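Sequence lines set the chain letters: A, B, ... in the order given, protein chains first and strands last, and positions in each chain run from 1. Below, each value reflects all heavy atoms present in this structure, side chains not excepted, and no hydrogens, waters or symmetry copies. The model shown is predicted, which means the values in this text are computed figures rather than measured ones.
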Amino acid sequence: MKTLKALLLPAILLLAWEIAMHVKNVQSDSLAAPSQIAIAFKDAMLDGTILSRTAETLRAALLGLALGGGSALILSIILGLVPPVARLLQFTIEVLRPVPSVALIPVAILTLGFGYGMEISLVAFSTFWPILIYGHAAITNIDEQMLDLAKVLRLKTFARITKIILPATLPRYFVAFRLATAVSLIIAVTVEIAANPLGIGYELMQASQSLHPDLTFALVLWIGLVGWTLNTLLLFAQRRLFGPAGVAFGIQQ
Amino acid sequence: MTPPATRKPLIEFRNVNHAFGTRPIVHNIDLTVGESEFVCLIGPSGCGKTTLLRMVGGLLTPSSGQVLFNGRPVDGPEKEISFMFQDYSKALLPWRTAAGNVSLALEATNVPAAQRGPRIKELLAKVGLANHADHYPAQLSGGMQQRVQIARCLAQEPSVLLMDEPFGALDAMTRQALQDEILRLIAVSKTTVLFVTHDLEEAIYLGDRVVALYPNPGRVAQVFDVKLPFPRDQLSTREHPEFLRLRRELFDFIREGEA
Ligand SMILES: Nc1ncnc2c1ncn2[C@@H]1O[C@H](COP(=O)(O)OP(=O)(O)OP(=O)(O)O)[C@@H](O)[C@H]1O
Ligand SMILES: [Mg+2]
């Protein structure tokens with residue numbers, strides 16, 4: 001019932017849009033009726049363009065996320081466990097973090113050229129920070145008593161990390177990775193739109209430049225749908241794992 | 001402030017001082033705990049009871065003076081010293097079952113996986129939780145969680161048990177049950193116990209000696225010998241004339257301190 005209500009407004013707007021396009025008989029290079037968008041979407045879907053381009057984008061986004069997130073995970077643990085290193089790196093981190101990834105596109109092109117390499121690097125750069133910051137915060141927030149417990153039991157560093165620190169922070173790391181996943185998709189598409197001849201962003205740019213509003217709109221909606229699906233899947237996983245009676249209570253051991 | 005001469009000294013505070021920043025927390029502490037002795041620390045909040053316990057546990061180094069264990073200065077957590085924390089909601093790992101939490105202590109000492117299962121079973125049975133091995137802390141009552149903690153401490157096979165207000169948050173019935181349980185367990189293992197509590201009666205009921213501390217900064221005010229027979233019993237011990245006399249003495253002492 002709720003979903004039905006939520007869908008009501010968009011449906012009305014779509015209908016109004018469709019009717020307006022027909023009544024005014026708009027022939028435009030910048031607008032398309034919902035029905036035209038749907039047809040363009042169907043065609044691009046059937047000839048495989050959308051799916052293969054999306055695969056390219058996801059590949060760059062997820063590899064970048066793995067690279068950036070993975071190294072951030074390791075560094076955040078080091079920062080959390082060795083405060084002197086955290087103090088040493090604090091300045092560097094604060095200077096580098098605010099650099100917008102988009103500003104690095106020219107630098108990446110210059111040093112890495114076009115292709116996956118530079119896109120993955122830029123995604124890695126931009127997903128590195130949220131995971132580093134969240135992860136470090138999660139580790140410094142671990143309850144003092146839990147760390148005392150690790151000391152009293154004389155757990156070795158590796159056991160302390162795997163048996164106490166990671167399980168205690170896993171839910172927060174998961175949230176950080178979920179947010180970074182959204183970032184990775186945004187950055188990948190941005191890089192493609194701005195420069196890289198690859199992926200769904202490039203396809204979008206082509207459609208727009210060749211004055212195909214129907215396909216342009218279809219691709220924008222598709223990108224939104226992909227992002228929404230990813231986030232929904234991860235949210236679902238998060239609830240299943242860490243919600244009340246989460247499965248992770250077994251896994252974390 | 002020394003134990004009866006028959007006991008070998010196990011833990012010794014020698015002229016221990018500690019300050020956080022410039023604020024002195026404990027001052028000139030001299031105290032010896034003998035082997036298999038049960039010593040209770042009482043004193044107002046903030047007088048440094050936890051601080052003293054943490055020193056023995058190797059979690060804190062005093063600003064000056066020495067804490068000795070078996071004649072050697074403590075310079076980190078000792079294998080033979082086990083620490084039972086006050087706040088049970090944080091002392092157990094919420095993502096591990098009761099059995100998993102006990103297992104942690106065995107894993108820490110590299111007990112082979114094959115031997116852990118039977119040991120855990122035995123330890124949980126000792127604290128009356130044989131049927132709760134698979135329950136997570138959130139599914140257990142406060143008393144049960146403290147029992148899990150006791151089992152984990154015992155898994156270390158400690159010669160010293162440090163207990164920081166372990167029963168403070170429990171209801172009276174559970175509390176008495178656990179008091180008897182601890183007495184029963186350590187009577188078998190001859191473990192030395194340093195026990196912090198706010199409850200005078202609990203201190204007398206459990207202890208061989210009760211050490212009362214003054215606050216600001218924490219100092220040893222007076223040491224009371226508890227000459228009550230073992231095994232202790234919730235009814236007869238608490239009605240024993242010596243118990244009543246000590247209780248009176250401690251209450252008067254505390255009231256004077258407050259005046
Ligand atoms: N890490 C710390 N840094 C600064 N001050 C501290 C620290 N730990 C404890 N203190 C202070 O030292 C004093 C003694 O603390 P402690 O925890 O030993 O008292 P306590 O006797 O155990 O009190 P309670 O009965 O409330 O548990 C307190 O005033 C406390 O604020
Ligand atoms: Mg305390």
Legend entry - Heavy-atom contacts under 4.5 Å, residues 60-79 of chain B to chain A: P77(B), E78(B), K79(B)
Legend entry - Residues of residues 160-170 of chain B with any heavy atom under 4.5 Å of a heavy atom in chain A: none
Legend entry - Other residues, nucleotides, ligands: >12 heavy atoms within 6.0 Å of F91(A) CZ: no
Legend entry - R59(A) CZ: over 12 foreign heavy atoms closer than 6.0 Å: no
Legend entry - residues 123-152 of chain A: residues contacting chain B (heavy atom under 4.5 Å, by number): D143(A), Q145(A), M146(A), D148(A), L149(A), K151(A), V152(A)
Legend entry - Selection from K90(B), Q139(B), R152(B) maximising heavy-atom pairs under 4.5 Å formed with chain A: K90(B)
Inset, instruction - For residues 85-100 of chain A, pull every pair meeting side chain to side chain donor-acceptor pair (under 3.5 Å), keeping only residues two or more places apart or in separate chains. - result: Q90(A)-E94(A)
Inset, instruction - Quick one: pull up CH2 in W95(B) and CG in L170(A) and give me the separation to the nearest 0.5 Å. - result: 9.5 Å
Inset, instruction - To the nearest 0.5 Å, tell me how far L104(B) CG sits from L155(A) CG. - result: 5.5 Å
